[in-house]
Amino acid sequence: MVSRPTKLSVRFGLDRLTTPIGIALLVTDAEGALRALDWADYEHRMRELLRLHYGAVDLSDQPAPATMRTALSGYFEGDLGQLSSIAWRIAGTPFQQKVWTALAQIPAGTTMSYGALAARIDTPKAIRAVGHANGSNPISVVLPCHRLIGADGSLVKYGGGLERKRWLLRHEGVEVRAPV
């Protein structure tokens, strides 16, 4: 019998942080960089995104770096600039990476339409592709996918639920339209 080499699973640490909108799951690598941030009630979705990006993933309970926990807590306490101090590293297609990097450039307290983001990354006709990449963002809040809205100003889709998106935008000082 011929034995096949088996691909080792990627090992990441998993921590939990209590926030005003639920328990945040923080996935970090050995160097302390954030690899995923999602919500405890969406853990299955987070694990699936990790699998898609990294293959087999082994998550073990491990505290996230204190500086990361402090920055995230600071953000949720109102110091919105804290997010930029968090080291992150993510895997994805070149297009996803382009979208996610552009997300990080949207300032707190502002929103942008999917179409405007597509234009910003020089792919103005790729609105749906931008939406798909945004929906595959593994680092919620830090890569602020909640800041993308519909062309008409409506809140559309958020992996952590529209109530969280509404809370995050209001927390950042964005006036959110009431649903029609």
Side-chain angles (χ1 to χ4, degrees), residues 12-29 31-43 45-46 49-50 59 61-90 92 96-97 99-117 120-121 130-131 133-180:
F12 293 136
L14 174 64
D15 197 3
R16 290 164 177 78
L17 179 70
T18 301
T19 77
I21 53 176
I23 304 294
L25 302 174
L26 312 177
V27 176
T28 54
D29 62 22
E31 290 80 36
L34 187 64
R35 294 297 190 116
L37 187 160
D38 215 322
W39 305 102
D41 49 333
Y42 287 89
E43 184 171 352
R45 182 185 97 86
M46 179 194 75
L49 285 175
L50 287 169
L59 294 178
D61 288 336
Q62 180 181 334
T67 54
M68 181 183 298
R69 293 179 61 84
T70 299
L72 285 165
S73 293
Y75 168 81
F76 282 105
E77 291 167 4
D79 187 355
L80 305 179
Q82 288 289 314
L83 296 181
S84 63
S85 70
I86 296 172
W88 52 270
R89 186 177 307 125
I90 49 179
Q96 288 172 325
Q97 295 274 348
V99 170
W100 298 334
T101 300
L103 284 175
Q105 305 308 310
I106 303 172
T110 63
T111 59
M112 180 177 283
S113 71
Y114 292 87
L117 187 63
R120 179 180 277 186
I121 62 170
V130 164
N134 191 55
S136 298
N137 169 18
I139 304 180
S140 175
V141 181
V142 175
L143 296 183
C145 49
H146 61 277
R147 295 180 189 151
L148 286 187
I149 59 171
D152 65 355
S154 63
L155 298 186
V156 291
K157 296 186 180 183
Y158 181 66
L162 284 181
E163 282 308 310
R164 278 195 182 105
K165 182 173 187 164
R166 186 173 286 110
W167 189 95
L168 288 164
L169 289 173
R170 285 183 178 153
H171 176 65
E172 294 180 358
V174 174
E175 189 164 327
V176 179
R177 260 185 9 172
V180 241

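We're numbering straight along the sequence, starting at 1.
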Between Q105 and R120, is any pair of side-chain heavy atoms under 4.5 Å apart? yes
Here the gap from L117 atom CG to C145 atom SG, rounded to the nearest 0.5 Å, amounts to 11.5 Å
Please enumerate all residues that pass salt bridge (Lys or Arg N to Asp or Glu O under 4.0 Å) together with D15, with sequence neighbours excluded. R69
Are the side chain of K165 and the backbone of L155 linked by a donor-acceptor contact shorter than 3.5 Å? no
Do Y158 and S140 pass the side-chain hydrogen bond (donor to acceptor under 3.5 Å, both in side chains) test, and can you show the C-alpha distance, the side-chain angles, and the key distance before you say yes or no? CA-CA 9 Å; Y158 181 66; S140 175; 2.6 Å; yes
State, yes or no, whether a side-chain contact exists between L17 and S73 at a heavy-atom distance under 4.5 Å. yes
For W167, which of V176, I21, L162, T19 qualifies under side-chain contact (heavy atoms from CB on, under 4.5 Å)? I21
Describe, in one word, how the ring planes of H171 and Y75 are oriented to each other, choosing from parallel (under 30°), tilted (30 to 60°) and perpendicular (over 60°). perpendicular
Carefully, step by step, assess M68 and L34 under the rule side-chain contact (heavy atoms from CB on, under 4.5 Å). CA-CA 8 Å; M68 181 183 298; L34 187 64; 3.7 Å; yes
Rounding to 0.5 Å, atoms CG (L25) and CZ (R45) come to a distance of 11.0 Å
So which pairs with a foot in residues 76-89 pass salt bridge (Lys or Arg N to Asp or Glu O under 4.0 Å), sequence neighbours left out? D29-R89, E31-R89
Closest non-hydrogen atoms of P138 and L49, given as atom of the first, atom of the second and distance, are CA-CD1, 4.4 Å
Do T28 and W88 have side-chain heavy atoms sitting under 4.5 Å apart? no
Mind checking whether L37 and I86 have side chains closer than 4.5 Å, heavy atoms only? no
Compare every heavy atom of L26 with every heavy atom of A64, then report the nearest pair and how far apart it is. CB-CD1, 3.9 Å
Determine whether a donor-acceptor pair (N or O, by modelled atom type, separation under 3.5 Å) exists between the side chain of R164 and the backbone of G160. yes
Quick check: closest heavy atoms across R147 and L169, and the distance to 0.1 Å? CA-CD2, 4.1 Å
H146 and V141 have their tightest heavy-atom pair at CE1-O, 3.9 Å
Please tell me if the side chains of Y114 and V156 come closer than 4.5 Å, counting only heavy atoms from C-beta onward. yes
Under the salt bridge (Lys or Arg N to Asp or Glu O under 4.0 Å) rule, collect the residues that match up with D61, sequence neighbours excluded. R16
I would like to know whether T101 and Q96 meet side-chain contact (heavy atoms from CB on, under 4.5 Å); could you show each step before the answer? CA-CA 8 Å; T101 300; Q96 288 172 325; over 6 Å; no
Quick check: do L148 and M112 have side-chain heavy atoms less than 4.5 Å from each other? yes
W100 side chain to I90 main-chain N or O, any donor-acceptor pair under 3.5 Å? no
Report the C-alpha distance between Q62 and V27 in whole Å, list the side-chain angles of each, state the deciding distance to 0.1 Å, and finish with yes or no for side-chain contact (heavy atoms from CB on, under 4.5 Å). CA-CA 9 Å; Q62 180 181 334; V27 176; over 6 Å; no
Main-chain N/O of P107 paired with T110 side-chain donor or acceptor, under 3.5 Å: yes
A side-chain contact here means heavy atoms from C-beta on lying under 4.5 Å apart; do I149 and S154 qualify? no
What is the distance from atom CG of L50 to atom CG of L59, rounded to the nearest 0.5 Å? 6.0 Å
Over all heavy atoms of both residues, which pair between A71 and Q82 is shortest? Give the atoms and the distance, please. O-CB, 3.2 Å
Nearest atoms (heavy-atom pairs only) where L143 meets A104: CD2-CB, 3.7 Å
Check step by step if side-chain contact (heavy atoms from CB on, under 4.5 Å) holds for L72 and V142. CA-CA 8 Å; L72 285 165; V142 175; 4.0 Å; yes
